[in-house]
Amino acid sequence: MNIRGAIFDLDGVIVDTAKYHYFAWRRLAEELGFDFIEADNERLKGVSRMRSLDILLEVGGFGPDAFSEARKEEMAARKNGWYVEYISRMTPREILPGVLSFLEQVRADGVRTALGSASKNTVIILDRLKIGALFDAVVDGTMVQRTKPDPEVFLTCASMLGGGILPAECVVFEDAEAGIEAARAGGMHCVGIGSPEILRGADRVVPGFAGISWEDIKNQINTLR
Ligand code: BG6
Ligand code: MG
């Protein structure tokens with residue numbers, strides 16, 4: 001089966017928003033009186049906002065019932081306020097190296113492109129980066145019930161791409177363990193963006209899109225079958 005759909009995660013794949021999420025969570029942790037180090041931030045990648053808060057609180061030594069739901073909602077909203085301040089200042093120069101050229105190669109090959117993100121801030125980011133037109137479909141955290149590692153976001157992307165594209169005809173580009181798991185659970189091919197030690201479940205891992213050609217990725221996926 002040929003690849004007919006390419007699905008891209010947003011945070012950490014198209015743009016390094018992971019650092020802005022980290023700054024905002026660290027600010028919240030400081031207010032709560034503990035240090036949140038970058039190594040722990042790895043656990044938050046690809047994970048929903050409220051689940052991220054639970055992980056952060058666990059890192060800070062707080063038990064699951066330390067705060068009421070209302071207080072947690074308030075903390076997550078405050079974190080998001082800081083995060084939105086950071087991302088509202090982003091420019092297209094922050095698109096990660098090689099991304100635009102890679103997307104253009106994929107599209108020139110007749111492959112449809114989708115963006116599949118857990119983020120409820122996807123629209124703001126796409127708008128700041130001015131790349132919305134490079135995706136045939138966009139599915140974000142406001143449109144799905146279950147977040148990664150559940151495959152719902154990617155399966156919704158595949159169906160929104162139209163043309164009867166099957167999950168097995170899709171490749172997902174992901175920087176998070178939860179995202180790789182989601183792609184696998186959806187029966188899709190998966191390319192990890194980052195380090196092979198962390199992204200063990202991927203078919204292939206590349207450090208980023210710089211110097212990576214679509215032709216090369218496509219051929220490698222075809223040889224895996
Ligand atoms: C994912 C990020 O893309 O979106 C996570 O990798 C983040 O770190 C999640 O928690 C939800 O994002 P947002 O913007 O809705 O808080
Ligand atoms: Mg990501």
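Order of appearance sets the numbers: ligands from 1, and atoms from 1 within every ligand.
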K.L.:
Geometry only, no angles: is N121 polar-contacting ligand 1 at N/O separations under 3.5 Å?
P.N.:
yes

K.L.:
I'd like to check which ligand 1 atoms, numbered from 1 as shown, lie under 4.0 Å from a non-hydrogen atom of K45.
P.N.:
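Going through ligand 1 atom by atom, the ones under 4.0 Å from K45 are 6 (O).
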
K.L.:
Is there a polar contact, in the sense of an N or O pair closer than 3.5 Å, between D9 and ligand 1?
P.N.:
no

K.L.:
Say you draw a straight line from CG of L129 to CG of L96; how long is it, rounded to the nearest 0.5 Å?
P.N.:
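It is 9.5 Å, given to the nearest 0.5 Å.
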
K.L.:
Rounded to the nearest 0.5 Å, what's the gap from CG on L28 to CG on L53? Could you check?
P.N.:
6.5 Å

K.L.:
Would you please test F209 and F173 for ring pair (Phe, Tyr, Trp, His ring centres under 6.0 Å) and show each step?
P.N.:
CA-CA 10 Å; F209 289 104; F173 295 89; 5.6 Å; yes

K.L.:
Out of curiosity, is G46 lining ligand 1, as in a heavy atom under 4.0 Å away?
P.N.:
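Yes.
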
K.L.:
Determine the sole option in E177, E174, E181 for which the side-chain hydrogen bond (donor to acceptor under 3.5 Å, both in side chains) test with K148 is passed.
P.N.:
E174

K.L.:
Are V47 and ligand 1 in contact, using a heavy-atom cut-off of under 4.0 Å?
P.N.:
yes

K.L.:
Which heavy atom of the protein is the closest neighbour of atom 16 (O) of ligand 1, given with residue, atom name and distance?
P.N.:
R49 NE, 2.7 Å

K.L.:
Are the side chain of D40 and the backbone of F36 linked by a donor-acceptor contact shorter than 3.5 Å?
P.N.:
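Absent.
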
K.L.:
Would you mind finding which of A18, A24, S119, S117 brings a heavy atom closest to atom 12 (O) of ligand 1?
P.N.:
S119

K.L.:
Which value, rounded to the nearest 0.5 Å, describes the distance between T113 atom OG1 and R107 atom CZ?
P.N.:
4.0 Å

K.L.:
I need the nearest protein heavy-atom contact for atom 8 (O) of ligand 1: residue, atom name and distance, please.
P.N.:
L44 O, 3.0 Å

K.L.:
Quick one: CG on L115 to CE on M160, what's the gap to the nearest 0.5 Å?
P.N.:
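So the CG of L115 and the CE of M160 are separated by 10.5 Å.
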
K.L.:
So, R128 side chain and S88 main chain: donor-acceptor pair closer than 3.5 Å or not?
P.N.:
yes

K.L.:
Going by atom types only, do H21 and K45 share a side-chain donor-acceptor pair under 3.5 Å?
P.N.:
no

K.L.:
Identify the closest protein heavy atom to atom 2 (C) of ligand 1: which residue and atom is it, and at what distance?
P.N.:
D11 OD2, 3.5 Å

K.L.:
Regarding N41 and W25, do their side chains bring together a donor and an acceptor under 3.5 Å, going by distance alone?
P.N.:
no

K.L.:
Using 2.8 Å as the cut-off, note every protein N, O or S atom close to the Mg ion (ligand 2).
P.N.:
D9 OD2, D11 O, D175 OD1

K.L.:
Is there a polar contact between ligand 1 and K120, counting only N or O atoms under 3.5 Å apart?
P.N.:
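Yes - when backbone and side-chain N and O of K120 are compared with those of ligand 1, one distance drops under 3.5 Å.
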
K.L.:
Go through ligand 1 atom by atom and flag the ones less than 4.0 Å from a non-hydrogen atom of S52.
P.N.:
10 (O)

K.L.:
Please indicate whether any nitrogen or oxygen in W25 is less than 3.5 Å from any nitrogen or oxygen in ligand 1.
P.N.:
no

